[in-house]
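Sequence lines set the chain letters: A, B, ... in the order given, protein chains first and strands last, and positions in each chain run from 1.
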Protein chains: 2
Amino acid sequence: MTMTSPSASALVEDETLPIAEVARRTGLSADTLRYYEKAGLIDSVRRTAGGVRRYAAGDMDWLAFLLRLRDTGMSIADMQRFAEQRREGDASVAERLALLREHRDCVDRRIRSLRENNRALDNKIAHYEELLEGER
Amino acid sequence: MTMTSPSASALVEDETLPIAEVARRTGLSADTLRYYEKAGLIDSVRRTAGGVRRYAAGDMDWLAFLLRLRDTGMSIADMQRFAEQRREGDASVAERLALLREHRDCVDRRIRSLRENNRALDNKIAHYEELLEGER
DNA sequence: CTAGAAGTTGGAGCGCGCTCGAACGCAAGC
DNA sequence: GCTTGCGTTCGAGCGCGCTCCAACTTCTAG
C-alpha cells in the first residue's frame, strides 16, 4: 500500500495546500478550482518551481467568500466583476460595497419569496393530509 | 390597425384562455408552456377542433402549483415524478405527500443556509463600510 | 533511481432548462 | 375570400456551470 494520506509535507510544513486538499476542504472539485482560476475568479495562486499549485491561507479565505456568493446564487459573471474590482484595489471599495449590498438585498428578497412559497406548500401538504385522513 | 387585444371571445365568453394569455399571466413563455406539456408536467389541456390549446381554470391552478415547486428549486425531473403520480390518482396521495414534505424540508434547509450566508455577507459589508469610513 | 500517485493544460462534452427557427395551419376582422 | 397574426410541431441551439479526457509533467515514498 502506498502511503498517500496528506501528511506533514503537504499540510503542516509550509501552511500551503495542494489542490486535492483544497478540493476536499471546499467541496469543489479540482477541475472546478482550475476552472475558477482560469475564469479569473481566483488569482495569484502560488506555484512550485514545477508549476504545481499551492494554495495559501489567503486563497482559502477568498475561496470561502466566493463560495458564499455562489451559494447565495450569484452568477459567475457577477463574481468575475467583483474579482475584477478587487484586483483594481482600494479605488473600487465603494463599487464593491454597492455590489455586495445589492446582492444581499437580492438574497433577502429570495428568502422572503421562498418563505412565502413554503407557506403555500404547507397548505398544500395540510390538504393532502386531510385527504389521507378521509381515506381511512 | 388590427384589433388584437384580448377581448370577449378570448377571455370572458368561455373562461378558457389562449396560450399567449396564459404566458402573460404566469410569466412563462408560450414555448415553455408547450415544453412543459410535452415533458408531461401538464396534461389534458383542451384543444379547439383545429388543435389550438385552450387553458381552463384547473390548468391554471396546476400551473400555479408547478410554479411554486419550480420557484422553490424543484427540478423538472422531480416535477415529472409528481405529475406522474398525480396521473395515477388517489392511490398515490401518500407518495405525493411524502414528496411534498421532503421538498418543503429541503426548502427550509435552503432558507436557513441563505440566512446564515447573508449574515456573513452583512459582516463583510460592515467591514467594507469601515474601510470607506477610514478612507475619508 | 524508479514507480506510481497527483498535478498540469487545452479543449471537448454534458445536463439542465429553456429558446428559437422553419414551415406550416387555424381564426377572425375587413 | 383574403390578409394578418396567433397557433402548431419538430428539432436544433444556447447559456450556464461545471466535468471529463488525453497527453504529458511533477512529486514523493521506498
| said: So, using side chain to side chain contact (heavy atoms under 4.5 Å, CB included) as the criterion, who are the partners of B:Glu116 when residues are at least two apart? | reply: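 Here the qualifying residues are B:Arg119.
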| task | Under the salt bridge (Lys or Arg N to Asp or Glu O under 4.0 Å) rule, collect the residues that match up with A:Asp71, sequence neighbours excluded. | result |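 For A:Asp71, no residue satisfies salt bridge (Lys or Arg N to Asp or Glu O under 4.0 Å) once neighbours in sequence are set aside.
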| said: Once salt bridge (Lys or Arg N to Asp or Glu O under 4.0 Å) is applied, do any residues pair with B:Arg68, and if so which ones, sequence neighbours excluded? | reply: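 Expected list: none.
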| request: Indicate for each nucleotide in nucleotides 7-12 of chain D, in 5' to 3' sequence, whether protein heavy atoms under 4.0 Å reach the base (B), only the sugar-phosphate (S), or nothing (-). | output: SBB---
| field | DNA chain C: 5'-proximal contact among B:Met79 and B:Ala49 (nearest heavy atom) | value |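 Nearest nucleotide further toward 5': that of B:Met79.
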Check residues 31-41 of chain A and write down every donor-acceptor pair under 3.5 Å in which the side-chain atom is one partner and the other belongs to a residue at least two apart or another chain.
from	atom 1	to	atom 2	distance (Å)
A:Thr32	OG1	A:Ser29	OG	2.9
A:Glu37	OE1	A:Arg53	NE	2.7

| said: If I take atom CG in residue B:Leu33 and atom C1' in nucleotide D:dC6, what distance separates them, rounded to the nearest angstrom? | reply: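 To the nearest whole Å, that distance equals 14 Å.
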Taking only N/O atoms, report every protein-nucleotides 12-17 of chain C pair under 3.5 Å with atom names and distance.
from	atom 1	to	atom 2	distance (Å)
C:dG17	OP2	B:Ile76	N	3.4

| query | Going by side-chain heavy atoms closer than 4.5 Å, which hydrophobic residues are tied to A:Val52, directly or by a chain of links? | reply |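 ILVMFWY cluster around A:Val52 holds nothing else.
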| field | Side-chain cluster (under 4.5 Å, hydrophobic types only) that A:Leu114 belongs to, other residues | value |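 Noted: A:Leu114 shares its cluster with A:Val107, A:Ile111, B:Val107, B:Ile111, B:Leu114.
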| Distance-only, no hydrogens or angles: does the A:Asp78 side chain make a donor-acceptor pair with backbone N or O of A:Ser75 under 3.5 Å? |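 No.
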| field | D:dC27 phosphate, OP1 or OP2, under 4.0 Å from A:Thr48 side-chain N/O | value |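 Checking D:dC27 against A:Thr48, a side-chain N or O does come within under 4.0 Å of OP1 or OP2.
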Distance-only check: which donor-acceptor pairs under 3.5 Å involve side-chain atoms of residues 121-128 of chain B, not counting sequence neighbours?
from	atom 1	to	atom 2	distance (Å)
B:Asp122	OD1	A:Arg104	NH1	2.8
B:Tyr128	OH	A:Arg96	NH1	3.0

